[in-house]
Visitor: 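A single structure is presented below for examination.
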Amino acid sequence: MTGSSYLSAAELSSVGSPTLWAVTIVGVLVLLVLDFLVTRRPHEVSMREALGWSAFYIALPLAFGAWIWSRFGSQQGVEYLTGYLVEKSLSVDNLFVFMLLLAAFAVPAALAQRVLLYGIAGALVLRAVFIALGAAALQTLDFAFLLFGLILIVTAIKLLRDALSGHEQEVDINKMRSVRLLRKVMPVVDDYHGTRMTIRQQGRRALTPFALVVVAVLATDIVFAVDSVPAVYGITEDPYLVFATNAFALLGLRALYFVLHAALSRLVHLSYGLAIILAFIGVKLGLHWAHGIWSGVPEIPTLASLGVIVGVLIVVTVTSLRATRDQVPGEPEVVSERH
């Protein structure tokens with residue numbers, strides 16, 4: 001983050017020209033359509049297929065980051081890469097919630113990737129809305145940085161409290177507001193009917209469990225958008241880079257889910273790491289806000305932020321793997337013990 005005063009509408013700068021925005025949005029839509037075509041015939045995803053798509057969706061954003069670096073300079077390049085790393089880290093936690101939902105709704109393996117894809121598409125739309133609102137807030141509210149920082153610190157405290165309490169993370173679909181609301185509006189059948197969301201039963205239109213799980217996943221997207229957008233605005237003030245990091249982090253989630261499915265339950269310390277990262281970015285935003293009032297207040301450079309984030313992720317990954325080294329891969333009971 002740069003500059004010693006608050007941004008005004010005239011000062012809000014971005015590397016995203018209208019042409020670059022248009023090309024990026026079209027590219028994201030093309031990739032989404034491609035994913036829908038790949039999943040048009042429900043099938044269980046092999047590890048080879050998942051690894052191939054994951055490699056593609058990691059190479060693509062890294063190549064884009066190299067282009068940003070060469071085209072716009074090292075400052076924008078570091079901001080993009082740091083923002084992407086933050087969003088990818090948060091997306092792993094997002095995947096764990098998806099895993100719990102898929103298990104709670106007993107989603108057949110062949111339908112899992114289509115559910116994930118609906119969740120990713122919904123998340124992209126929600127992130128775009130929140131990014132636009134965030135940009136508007138930065139232009140009009142002097143205390144926007146402080147507000148974003150407080151949101152992240154509150155979220156970090158909640159994550160840390162939940163992790164320290166050691167309570168089991170589980171999903172009771174009968175208590176979910178979205179599920180209860182849908183059941184009041186329409187009847188729900190017990191069995192899946194492929195990717196169909198509704199069927200006609202006894203002359204009435206009824207929802208399938210597939211529709212319920214898709215809505216549940218979309219509902220969780222709202223919660224994650226509230227955290228992730230302020231987090232990346234803590235790294236860069238450029239709305240285009242914020243959108244690009246979110247889009248690239250989300251697009252690869254479908255394939256990454258199947259690669260990490262067995263390993264997700266072993267990342268038992270991830271919540272601690274995310275709490276530290278969100279709190280750190282919250283403090284960074286608070287210092288930036290204070291710097292706009294008192295120039296003597298120091299700011300945290302983006303490169304230093306990148307070092308802290310990478311260091312935290314390495315530490316929690318190593319400690320998680322050590323803590324679960326005796327765990328048998330695929331043990332179902334471990335899923336509810338992650339904290």
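These values consider heavy atoms only, across backbone and side chains, with no hydrogens, waters or symmetry-generated copies.
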Visitor: Is it true that His269 and Thr319 share a donor-acceptor pair across their side chains at a distance under 3.5 Å?
Guide: yes
Visitor: Roughly how far apart are Ile309 CD1 and Leu81 CG, rounded to 0.5 Å?
Guide: 11.5 Å
Visitor: Decide whether Phe148 and Ile293 are clustered together by the hydrophobic rule: side chain heavy atoms of Ile, Leu, Val, Met, Phe, Trp, Tyr closer than 4.5 Å, transitively.
Guide: yes
Visitor: Can you run down the side chain to side chain donor-acceptor pair (under 3.5 Å) pairs that involve residues 242-252, sequence neighbours left out, and say none if there aren't any?
Guide: Arg127-Asn246
Visitor: Out of curiosity, does Tyr240 fall in the hydrophobic cluster containing Val23 (side-chain heavy atoms, cut-off under 4.5 Å, transitive links)?
Guide: no
Visitor: Step by step, would you call Thr195 with Arg114 a side chain to side chain donor-acceptor pair (under 3.5 Å)?
Guide: CA-CA 8 Å; Thr195 58; Arg114 180 51 69 95; 4.8 Å; no
Visitor: Checking Ser91 side chain against Lys88 main chain: does a donor-acceptor pair fall under 3.5 Å?
Guide: yes
Visitor: I'd like to know if the side chain of Ser70 and the backbone of Trp67 have a donor-acceptor N/O pair within less than 3.5 Å.
Guide: yes
Visitor: Same cluster for Ile222 and Val125 if Ile/Leu/Val/Met/Phe/Trp/Tyr side chains link at under 4.5 Å?
Guide: no
Visitor: Taking His291 for the side chain and Pro298 for the main chain, is one N or O donor matched with an acceptor at less than 3.5 Å?
Guide: no
Visitor: For Tyr257 and Phe98, indicate whether the former's side chain and the latter's backbone hold a donor-acceptor pair under 3.5 Å.
Guide: no
Visitor: The test is ring-ring contact (aromatic ring centres under 6.0 Å, His included); show your working for Tyr118 and Phe36 and say whether it passes.
Guide: CA-CA 9 Å; Tyr118 277 117; Phe36 272 102; 5.6 Å; yes
Visitor: Can you give me the closest heavy-atom contact between Gly16 and Trp21, atom names plus distance?
Guide: O-CD1, 3.3 Å
Visitor: Would you please test Val26 and Val30 for side-chain contact (heavy atoms from CB on, under 4.5 Å) and show each step?
Guide: CA-CA 6 Å; Val26 169; Val30 167; 4.2 Å; yes
Visitor: Examine distances only and state if a side-chain atom of Ser305 and a backbone atom of Pro301 form a donor-acceptor pair shorter than 3.5 Å.
Guide: yes
Visitor: Given Phe248, which partner from the list Phe243, Phe56, Tyr84, Phe64 fulfils the ring pair (Phe, Tyr, Trp, His ring centres under 6.0 Å) test?
Guide: Phe64
Visitor: Go through it in stages, so that I can follow the logic: the residues are Leu256 and Ile58, the test is side-chain contact (heavy atoms from CB on, under 4.5 Å), and I'd like the CA-CA distance, side-chain angles, deciding distance and then a yes or no.
Guide: CA-CA 10 Å; Leu256 188 63; Ile58 290 175; 5.5 Å; no
Visitor: Restricting to non-hydrogen atoms, name the atom on Leu20 and the atom on Val15 that form the minimum distance, rounded to 0.1 Å.
Guide: CD2-O, 3.7 Å
Visitor: Please list all pairs passing the salt bridge (charged side-chain N to carboxylate O under 4.0 Å, His left out) test where one or both residues lie in residues 20-39, with sequence neighbours left out.
Guide: Asp35-Arg254
Visitor: Please find the pair of heavy atoms, one from Val259 and one from Ser54, that lie closest to each other, and give the distance.
Guide: CG2-OG, 3.3 Å
Visitor: Between Leu34 and Leu253, is there a shared hydrophobic cluster once you connect ILVMFWY residues whose side-chain heavy atoms come closer than 4.5 Å?
Guide: yes
Visitor: Taking atom types as modelled and ignoring hydrogens, do the side chains of Thr208 and Arg196 form a donor-acceptor contact shorter than 3.5 angstrom?
Guide: no
Visitor: Give the cluster check for Leu212 versus Val189: same hydrophobic cluster or not, with ILVMFWY residues linked at side-chain heavy-atom distances below 4.5 Å.
Guide: no
Visitor: Let me see the working for Leu32 and Leu117 under side-chain contact (heavy atoms from CB on, under 4.5 Å), right down to the final yes or no.
Guide: CA-CA 8 Å; Leu32 272 179; Leu117 193 51; 4.3 Å; yes
Visitor: Once rounded to the nearest 0.5 Å, what's the spacing between atom CG of Leu126 and atom CG of Leu250?
Guide: 10.0 Å
Visitor: Mind running side-chain contact (heavy atoms from CB on, under 4.5 Å) on Tyr272 and Leu164 for me, showing each step along the way?
Guide: CA-CA 9 Å; Tyr272 294 106; Leu164 291 173; 3.8 Å; yes
Visitor: Find the distance between CD1 (Ile235) and NZ (Lys284) and round it off to the nearest 0.5 Å.
Guide: 5.5 Å
Visitor: Provide the closest heavy-atom pair for Val217 versus Gly119 in the form atom of the first, atom of the second, distance.
Guide: CG1-CA, 3.4 Å
Visitor: Are Trp53 and Phe258 near enough that their ring centres are under 6.0 Å apart?
Guide: no
